[in-house]
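Take a look at the structure below.
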Amino acid sequence: MNNLEVLKRNFYARNSVEVAKELLGKLLVRELPEGRLIGKIVEVEAYRGSDDPASHAYRGKTPRNEVMFSKPGLAYIYFTYGMHYCLNVKAEKEGIPGAVLIRALEPLEGIKIMKKNRQTEKIKELTNGPAKLTKAMKITKELNGWDLTQGKKLFICKPVSEEKFEIVTTSRIGISAGAEKPWRFYIKGNPFVSCKGLVRKTA
DNA sequence: TGTGTGATAGTCT
DNA sequence: GACTATCACACAT
(Lines give C-alpha, C1' and ligand atoms only; values in the text may rest on other atoms or scores of the structure.)
Protein backbone atom coordinates (compact mmCIF):
# COMPACT_ATOMS: atom_id res chain seq x y z
CA MET A 1 0.00 0.00 0.00
CA ASN A 2 0.96 3.67 0.29
CA ASN A 3 3.39 4.68 -2.42
CA LEU A 4 5.33 1.44 -2.27
CA GLU A 5 5.80 -0.39 -5.54
CA VAL A 6 5.86 -4.15 -5.02
CA LEU A 7 8.41 -6.08 -7.09
CA LYS A 8 6.74 -8.25 -9.72
CA ARG A 9 7.46 -11.82 -10.69
CA ASN A 10 9.57 -10.91 -13.73
CA PHE A 11 12.07 -9.20 -11.40
CA TYR A 12 12.83 -12.58 -9.83
CA ALA A 13 12.75 -14.69 -13.00
CA ARG A 14 16.43 -14.13 -13.78
CA ASN A 15 19.88 -15.40 -12.88
CA SER A 16 20.21 -15.67 -9.07
CA VAL A 17 23.37 -13.58 -9.04
CA GLU A 18 21.69 -10.76 -10.97
CA VAL A 19 18.66 -10.82 -8.68
CA ALA A 20 20.90 -10.83 -5.60
CA LYS A 21 22.74 -7.68 -6.66
CA GLU A 22 19.53 -5.87 -7.56
CA LEU A 23 17.86 -6.74 -4.27
CA LEU A 24 20.38 -4.55 -2.44
CA GLY A 25 18.69 -1.31 -1.38
CA LYS A 26 15.17 -2.75 -1.78
CA LEU A 27 12.73 -2.81 1.13
CA LEU A 28 11.57 -5.95 2.90
CA VAL A 29 8.12 -5.36 4.39
CA ARG A 30 6.50 -7.53 7.05
CA GLU A 31 2.92 -6.89 8.17
CA LEU A 32 2.05 -8.09 11.66
CA PRO A 33 -1.07 -7.56 13.80
CA GLU A 34 0.97 -5.27 16.04
CA GLY A 35 2.33 -3.15 13.19
CA ARG A 36 4.32 -2.91 10.00
CA LEU A 37 8.03 -3.65 9.90
CA ILE A 38 10.32 -2.37 7.15
CA GLY A 39 13.99 -3.06 6.59
CA LYS A 40 16.33 -2.13 3.77
CA ILE A 41 18.18 -5.09 2.28
CA VAL A 42 21.90 -4.43 2.73
CA GLU A 43 23.47 -7.91 2.40
CA VAL A 44 22.60 -10.95 0.23
CA GLU A 45 24.03 -14.20 -1.11
CA ALA A 46 23.14 -16.06 -4.32
CA TYR A 47 22.61 -19.82 -4.43
CA ARG A 48 22.06 -21.84 -7.57
CA GLY A 49 21.64 -25.51 -8.46
CA SER A 50 23.76 -28.28 -9.92
CA ASP A 51 26.68 -25.86 -10.53
CA ASP A 52 26.76 -24.77 -6.88
CA PRO A 53 27.88 -27.36 -4.27
CA ALA A 54 26.92 -25.01 -1.41
CA SER A 55 23.28 -24.90 -2.51
CA HIS A 56 20.57 -26.98 -0.89
CA ALA A 57 19.45 -27.75 -4.45
CA TYR A 58 22.85 -29.10 -5.54
CA ARG A 59 21.85 -32.75 -5.17
CA GLY A 60 18.41 -32.33 -6.66
CA LYS A 61 14.92 -31.79 -5.38
CA THR A 62 13.88 -32.92 -1.88
CA PRO A 63 10.81 -32.12 0.24
CA ARG A 64 12.84 -29.50 2.09
CA ASN A 65 14.11 -27.55 -0.92
CA GLU A 66 11.18 -27.93 -3.32
CA VAL A 67 10.47 -24.19 -3.20
CA MET A 68 13.85 -23.61 -4.89
CA PHE A 69 12.42 -25.38 -7.94
CA SER A 70 9.06 -23.62 -7.92
CA LYS A 71 7.90 -20.21 -9.18
CA PRO A 72 10.16 -17.13 -8.95
CA GLY A 73 9.17 -14.64 -6.26
CA LEU A 74 8.32 -17.16 -3.55
CA ALA A 75 9.88 -17.18 -0.08
CA TYR A 76 12.13 -20.15 0.71
CA ILE A 77 12.47 -20.39 4.48
CA TYR A 78 14.44 -23.19 6.11
CA PHE A 79 15.33 -24.22 9.63
CA THR A 80 19.02 -24.73 10.40
CA TYR A 81 21.44 -25.42 13.26
CA GLY A 82 18.53 -26.70 15.30
CA MET A 83 17.27 -23.24 16.20
CA HIS A 84 17.43 -20.72 13.38
CA TYR A 85 15.33 -19.74 10.38
CA CYS A 86 16.76 -18.14 7.26
CA LEU A 87 14.87 -16.22 4.57
CA ASN A 88 15.56 -16.70 0.87
CA VAL A 89 13.86 -15.41 -2.25
CA LYS A 90 13.32 -17.87 -5.07
CA ALA A 91 14.95 -16.64 -8.28
CA GLU A 92 15.43 -18.13 -11.78
CA LYS A 93 12.56 -19.31 -13.96
CA GLU A 94 10.02 -21.85 -12.80
CA GLY A 95 11.58 -25.32 -12.49
CA ILE A 96 15.17 -24.03 -12.38
CA PRO A 97 16.70 -24.03 -8.88
CA GLY A 98 18.00 -20.73 -7.50
CA ALA A 99 17.55 -18.47 -4.52
CA VAL A 100 18.91 -15.38 -2.82
CA LEU A 101 19.61 -15.51 0.91
CA ILE A 102 18.74 -12.26 2.69
CA ARG A 103 21.62 -11.90 5.17
CA ALA A 104 21.07 -8.46 6.69
CA LEU A 105 18.67 -5.51 6.85
CA GLU A 106 18.83 -1.90 7.96
CA PRO A 107 15.76 -1.35 10.21
CA LEU A 108 13.60 1.55 8.99
CA GLU A 109 10.14 1.12 10.50
CA GLY A 110 8.72 -0.82 13.44
CA ILE A 111 12.01 -0.77 15.34
CA LYS A 112 10.17 -0.95 18.66
CA ILE A 113 8.54 -4.23 17.65
CA MET A 114 11.84 -5.63 16.38
CA LYS A 115 13.49 -4.83 19.71
CA LYS A 116 10.74 -6.72 21.47
CA ASN A 117 11.07 -9.74 19.18
CA ARG A 118 14.84 -9.81 19.52
CA GLN A 119 14.86 -8.88 23.22
CA THR A 120 17.64 -6.35 22.83
CA GLU A 121 17.88 -2.56 22.78
CA LYS A 122 20.82 -2.43 20.40
CA ILE A 123 19.57 -1.37 16.97
CA LYS A 124 22.69 -2.69 15.26
CA GLU A 125 22.00 -6.17 16.66
CA LEU A 126 18.39 -6.36 15.41
CA THR A 127 18.86 -7.53 11.83
CA ASN A 128 22.61 -7.84 11.06
CA GLY A 129 22.50 -11.58 10.35
CA PRO A 130 20.23 -14.02 8.48
CA ALA A 131 18.75 -15.67 11.58
CA LYS A 132 18.52 -12.38 13.46
CA LEU A 133 16.33 -10.69 10.88
CA THR A 134 13.89 -13.60 10.71
CA LYS A 135 13.48 -13.44 14.47
CA ALA A 136 13.09 -9.65 14.45
CA MET A 137 10.36 -9.93 11.79
CA LYS A 138 8.70 -13.10 13.07
CA ILE A 139 9.42 -15.02 9.90
CA THR A 140 9.03 -18.77 10.39
CA LYS A 141 8.56 -21.83 8.21
CA GLU A 142 4.84 -21.06 8.10
CA LEU A 143 5.78 -18.51 5.44
CA ASN A 144 7.78 -21.04 3.41
CA GLY A 145 6.41 -20.88 -0.13
CA TRP A 146 4.71 -17.51 0.49
CA ASP A 147 4.27 -15.47 -2.70
CA LEU A 148 6.20 -12.21 -2.23
CA THR A 149 4.50 -10.53 -5.19
CA GLN A 150 1.12 -10.31 -3.43
CA GLY A 151 1.98 -7.15 -1.50
CA LYS A 152 0.72 -8.36 1.84
CA LYS A 153 2.06 -10.10 4.97
CA LEU A 154 5.57 -10.36 3.55
CA PHE A 155 6.82 -8.71 0.38
CA ILE A 156 9.63 -6.72 -1.21
CA CYS A 157 9.25 -3.32 -2.85
CA LYS A 158 11.23 -0.47 -4.36
CA PRO A 159 12.46 2.26 -2.01
CA VAL A 160 10.65 5.61 -2.14
CA SER A 161 13.82 7.30 -3.31
CA GLU A 162 16.66 5.39 -4.95
CA GLU A 163 19.99 6.17 -3.37
CA LYS A 164 23.38 5.48 -4.80
CA PHE A 165 25.71 2.98 -3.17
CA GLU A 166 28.72 0.85 -3.98
CA ILE A 167 28.40 -2.93 -4.01
CA VAL A 168 31.12 -5.03 -2.36
CA THR A 169 31.57 -8.60 -3.64
CA THR A 170 32.92 -11.37 -1.37
CA SER A 171 32.79 -15.13 -0.97
CA ARG A 172 29.86 -16.57 0.94
CA ILE A 173 29.67 -17.05 4.71
CA GLY A 174 29.22 -20.23 6.74
CA ILE A 175 29.69 -22.80 3.98
CA SER A 176 32.40 -25.35 3.23
CA ALA A 177 31.85 -26.56 -0.34
CA GLY A 178 31.67 -23.90 -3.04
CA ALA A 179 33.25 -21.30 -0.79
CA GLU A 180 35.31 -19.89 -3.66
CA LYS A 181 32.35 -18.51 -5.57
CA PRO A 182 32.11 -14.69 -5.18
CA TRP A 183 28.35 -14.66 -4.73
CA ARG A 184 27.91 -12.54 -1.61
CA PHE A 185 27.09 -8.88 -2.06
CA TYR A 186 26.61 -6.00 0.36
CA ILE A 187 26.28 -2.24 0.46
CA LYS A 188 29.68 -0.69 1.08
CA GLY A 189 30.02 1.04 4.42
CA ASN A 190 26.60 0.08 5.73
CA PRO A 191 26.85 -0.57 9.51
CA PHE A 192 24.22 -3.32 9.42
CA VAL A 193 26.25 -5.71 7.25
CA SER A 194 26.97 -8.85 9.29
CA CYS A 195 30.72 -8.99 8.61
CA LYS A 196 33.21 -7.82 6.06
CA GLY A 197 34.30 -11.18 4.67
CA LEU A 198 36.99 -11.84 2.10
CA VAL A 199 36.60 -9.04 -0.39
CA ARG A 200 36.95 -10.08 -4.02
CA LYS A 201 38.14 -7.87 -6.79
CA THR A 202 35.22 -6.21 -8.48
CA ALA A 203 35.34 -7.47 -12.04
C1' DT B 1 39.11 -6.96 18.93
C1' DG B 2 39.45 -11.50 18.06
C1' DT B 3 39.05 -16.61 18.62
C1' DG B 4 36.71 -20.69 20.51
C1' DT B 5 32.79 -23.35 21.63
C1' DG B 6 28.10 -25.05 23.20
C1' DA B 7 23.21 -25.08 22.08
C1' DT B 8 19.82 -27.76 19.51
C1' DA B 9 16.89 -30.37 15.91
C1' DG B 10 15.78 -31.24 11.00
C1' DT B 11 17.60 -33.48 6.92
C1' DC B 12 20.12 -36.64 4.28
C1' DT B 13 23.55 -40.67 4.01
C1' DG C 1 25.26 -40.92 12.62
C1' DA C 2 27.14 -36.74 10.62
C1' DC C 3 26.42 -32.35 9.08
C1' DT C 4 24.49 -27.81 9.08
C1' DA C 5 23.51 -21.00 4.19
C1' DT C 6 23.96 -19.39 12.91
C1' DC C 7 24.09 -16.93 17.29
C1' DA C 8 25.65 -15.58 21.77
C1' DC C 9 28.62 -15.72 25.30
C1' DA C 10 33.07 -16.74 27.41
C1' DC C 11 37.68 -15.80 27.58
C1' DA C 12 42.17 -14.02 26.08
C1' DT C 13 44.68 -10.33 24.23
Side-chain angles (χ1 to χ4, degrees), chain A residues 12 15-21 23-24 28 39 41-70 72 74-92 96-107 114-146 148 154 156 168-187 191-200:
Chain A
Y12 302 102
N15 184 308
S16 304
V17 177
E18 293 286 312
V19 176
K21 278 193 270 193
L23 276 174
L24 290 175
L28 180 69
I41 298 171
V42 300
E43 180 182 350
V44 294
E45 283 177 11
Y47 286 87
R48 291 169 54 82
S50 54
D51 62 340
D52 181 6
S55 172
H56 290 169
Y58 180 58
R59 292 170 199 281
K61 195 170 167 180
T62 68
R64 179 203 199 191
N65 66 22
E66 65 175 340
V67 175
M68 285 189 76
F69 293 78
S70 67
L74 302 193
Y76 170 46
I77 296 159
Y78 63 87
F79 188 66
T80 191
Y81 288 107
M83 60 186 99
H84 297 302
Y85 292 105
C86 292
L87 169 66
N88 298 245
V89 178
K90 202 279 179 212
E92 308 283 352
I96 299 175
V100 177
L101 172 66
I102 311 295
R103 287 195 54 90
L105 303 173
E106 176 179 338
M114 293 189 203
K115 283 181 179 174
K116 193 179 158 204
N117 292 341
R118 290 272 297 125
Q119 304 193 342
T120 177
E121 286 298 312
K122 299 174 195 161
I123 292 185
K124 262 184 78 171
E125 290 294 315
L126 290 177
T127 54
N128 65 336
K132 297 181 187 180
L133 69 92
T134 56
K135 193 175 181 197
M137 289 195 157
K138 282 197 182 169
I139 295 168
T140 70
K141 64 180 180 184
E142 286 171 30
L143 286 165
N144 187 35
W146 180 258
L148 297 167
L154 181 67
I156 298 172
V168 181
T169 303
T170 79
S171 51
R172 291 172 292 180
I173 305 293
I175 56 170
S176 45
E180 76 287 352
K181 294 198 189 309
W183 286 350
R184 173 173 178 256
F185 309 99
Y186 63 83
I187 294 179
F192 295 92
V193 170
S194 64
C195 66
K196 279 190 167 178
L198 296 171
V199 178
R200 299 285 167 140

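Proteins come first, then strands; the chains are lettered A, B, ... in the order of their sequence lines, and each starts at number 1. Values reported hereafter were calculated over all heavy atoms of this structure, with side chains retained and with hydrogens, waters and symmetry mates removed.
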Subject >> With A/Lys21 via side chain to side chain donor-acceptor pair (under 3.5 Å) - residues at least two apart >> reply: none

Original post:
Sequence neighbours excluded, which residues qualify as salt bridge (Lys or Arg N to Asp or Glu O under 4.0 Å) partners of A/Glu18?
Top reply: none

Subject >> Dot-bracket summary - DNA chain B, pairs being Watson-Crick or G-U whose distances fall under 3.5 Å, with | when paired to another strand >> reply: |||||||.||||.

Original post:
Could you give the distance from NZ (A/Lys132) to CD (A/Glu125), rounded to the nearest 0.5 Å?
Top reply: 4.0 Å

Subject >> Span of DNA chain C in contact with chain A (heavy atoms, under 4.0 Å) >> reply: C/dT4 to C/dA8

Original post:
Would you say A/Tyr58 has more than 12 foreign heavy atoms packed within less than 6.0 Å of its OH?
Top reply: no

Original post:
Who passes side chain to side chain contact (heavy atoms under 4.5 Å, CB included) against A/Pro97, sequence neighbours left out?
Top reply: A/Ala57, A/Phe69

Contact list (N/O, under 3.5 angstrom) for nucleotides 11-13 of chain B vs protein:
from	atom 1	to	atom 2	distance (Å)
B/dC12	OP1	A/Thr62	OG1	2.4

Show every donor-acceptor pair shorter than 3.5 Å between a side-chain atom in residues 80-88 of chain A and any protein atom, with sequence neighbours excluded, or say none if there are none.
from	atom 1	to	atom 2	distance (Å)
A/Asn88	ND2	A/Tyr76	O	3.3

Original post:
Where each residue is assigned the nucleotide of DNA chain C containing its nearest heavy atom, which of A/Glu125 and A/Val100 is assigned the position nearer the 5′ end?
Top reply: A/Val100

Subject >> Partners meeting salt bridge (Lys or Arg N to Asp or Glu O under 4.0 Å) with A/Arg118 (sequence neighbours left out) >> reply: none

Original post:
Once you round to the nearest 0.5 Å, how far does CD1 of A/Ile175 lie from CG of A/Leu101?
Top reply: 10.5 Å

Original post:
Between the side chains of A/Ser55 and A/Arg48, does any donor sit under 3.5 Å from an acceptor?
Top reply: no

**OP:** Check every strand shown and say whether A/Arg184 touches a base, only sugar-phosphate, or nothing at a heavy-atom separation below 4.0 Å.
**Re:** nothing

Polar-atom pairs under 3.5 Å, protein N or O versus N or O of nucleotides 1-8 of chain B: list them with distances, or write none.
from	atom 1	to	atom 2	distance (Å)
B/dT8	O2	A/Tyr81	O	2.5

Original post:
A/Lys115: what forms a salt bridge (Lys or Arg N to Asp or Glu O under 4.0 Å) with it, not counting sequence neighbours?
Top reply: A/Glu121

**OP:** For A/Lys135, enumerate each residue passing the salt bridge (Lys or Arg N to Asp or Glu O under 4.0 Å) test, keeping only those at least two apart in sequence or located in another chain.
**Re:** none

Original post:
Does one side chain, of A/Asn128 or A/Lys124, offer a donor that lies under 3.5 Å from an acceptor on the other?
Top reply: no

Subject >> Partner set under side chain to side chain contact (heavy atoms under 4.5 Å, CB included) for A/Ala46, not counting sequence neighbours >> reply: A/Ser16, A/Val17, A/Ala20, A/Trp183

**OP:** Mind checking A/Ala54 for me? I need base, sugar-phosphate or nothing, with any heavy atom below 4.0 Å counting as a touch.
**Re:** base

Original post:
Looking for any heavy atom pair under 4.0 Å, which part of the strands does A/Leu101 touch: base, sugar-phosphate only, or nothing?
Top reply: base

